[in-house]
Colleague: 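Below are the structure tokens for one structure; questions will follow.
Quick note: numbers below take in every heavy atom, side chains included, and nothing from hydrogens, waters or symmetry partners. Not measured: the values here are computed from a predicted model.
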Amino acid sequence: MKSIMAVLTALAISTPCAFAGEISDRAAEAEKLLQSGNGAGALDKFRGAEEAFWQAMPLAVQNVKQVDSASGFGIYSERANHIYKPGEKIVLYMEPIGYGYGSDGLGNSMIALSVDITVVSAAGETLGTSEKVGRVQVASRSHNRELFFKLDLSLDGLPAGKYRCDFLMHDENSSKTAPFTTDIEIAG
């Protein structure tokens, strides 16, 4: 079994030095508690190390997929291809990580993310940019880490051809942003 310390030490290498000590210290405490048989206490300390790591990491977007449907974290039906009929809705599934937490004023943590899009032609010409084409807001009693963002896009008016869609995700609880890209084709 991998030790908690080894896993978090590997993760801490890429975090800012100010957090690395806090992360590894909490992981070491978790390791000691686990070795003494206190699994619940170890998990609590491990979650503290995870929280410090989460706060230190940049915003990123993982597992970007063009899908037919998405109903939950990891629950989606991936689209067979990236070719769309003119006017057909484009649905993206993605998993943001490293976002911050605000407050909803009712005792809940608030996750709030938005996405901008820039559409680029196959020739590299920027065709247009739209801000906040999608937004997700989630209130929770805990700091959820498994969050999916489903984005429904309408790119009506694009002529037949291949396009690159450049996105920029914004964390509304911090100054963090994360770019990501996907390609599409409008059938002729």
Colleague: Is the backbone of L113 close enough, under 3.5 Å, to the side chain of D171 for a donor and an acceptor to pair up by distance?
Modeller: no
Colleague: Would you give the length of the straight line joining atom CG of N63 to atom CD of E95, rounded to the nearest 0.5 angstrom?
Modeller: 4.0 Å
Colleague: Using modelled atom types and a 3.5 Å cut-off, is there a donor and acceptor pairing between side-chain atoms of N173 and backbone atoms of M110?
Modeller: yes
Colleague: Does W54 reach the main-chain N or O of G100 with its side chain, forming a donor-acceptor pair under 3.5 Å?
Modeller: no
Colleague: For atom CZ of R47, decide whether the heavy atoms of other residues, nucleotides or ligands shown that lie under 6.0 angstrom number more than 12.
Modeller: no
Colleague: From I186 CD1 over to D156 CG, what is the distance, rounded to the nearest 0.5 angstrom?
Modeller: 9.0 Å
Colleague: For R145, is there an ion pair with E51 - N to carboxylate O distance below 4.0 angstrom?
Modeller: yes
Colleague: Could I get the full list of side chain to side chain contact (heavy atoms under 4.5 Å, CB included) partners for N38, not counting sequence neighbours?
Modeller: L33, S36, A40
Colleague: Looking at CG of L168 and CG of D166, how far apart are the two atoms once the value is rounded to the nearest 0.5 Å?
Modeller: 10.0 Å
Colleague: Could you tell me the separation between the CD1 atom of I117 and the OG1 atom of T181, rounded to the nearest 0.5 Å?
Modeller: 10.0 Å
Colleague: Working to the nearest 0.5 angstrom, can you tell me the gap between Y84 OH and E185 CD?
Modeller: 11.0 Å
Colleague: Salt-bridged, E22 to R26, with N to O below 4.0 Å?
Modeller: yes
Colleague: Looking only at side chains, do S142 and N144 share a donor and an acceptor under 3.5 Å apart?
Modeller: yes
Colleague: Side-chain heavy atoms under 4.5 angstrom apart, residues restricted to Ile, Leu, Val, Met, Phe, Trp, Tyr: same cluster for F180 and L153?
Modeller: yes
Colleague: Has the side chain of T126 got a donor or acceptor atom that lies under 3.5 Å from a matching backbone atom of G128?
Modeller: no
Colleague: Let me confirm one number: the CZ-CG distance from F46 to L34, rounded to the nearest 0.5 Å.
Modeller: 10.5 Å
Colleague: Quick one: list whatever passes side chain to side chain contact (heavy atoms under 4.5 Å, CB included) with D44, sequence neighbours left out.
Modeller: none
Colleague: If Ile, Leu, Val, Met, Phe, Trp and Tyr residues are connected whenever their side-chain heavy atoms lie under 4.5 Å apart, and connections chain through other members, are V64 and V67 in the same group?
Modeller: no
Colleague: Is there a path of hydrophobic side-chain contacts, each under 4.5 Å between heavy atoms, that joins V133 and M169?
Modeller: yes
Colleague: Pair L155, I184 - check side chain to side chain contact (heavy atoms under 4.5 Å, CB included), show working.
Modeller: CA-CA 10 Å; L155 297 178; I184 64 162; 3.5 Å; yes
Colleague: Look at atom NZ of K32 and say whether more than 12 heavy atoms of other residues, nucleotides or ligands are closer to it than 6.0 Å.
Modeller: no
Colleague: In terms of relative ring orientation, are Y93 and F148 parallel, tilted or perpendicular, with 30° and 60° separating the classes?
Modeller: parallel
Colleague: Under the 3.5 angstrom rule, does the side chain of Q66 hit a backbone N or O of I83 as a donor-acceptor pair?
Modeller: no
Colleague: Donor-acceptor pair, distance only, cut-off 3.5 Å: does the side chain of K45 make one with the backbone of A28?
Modeller: no
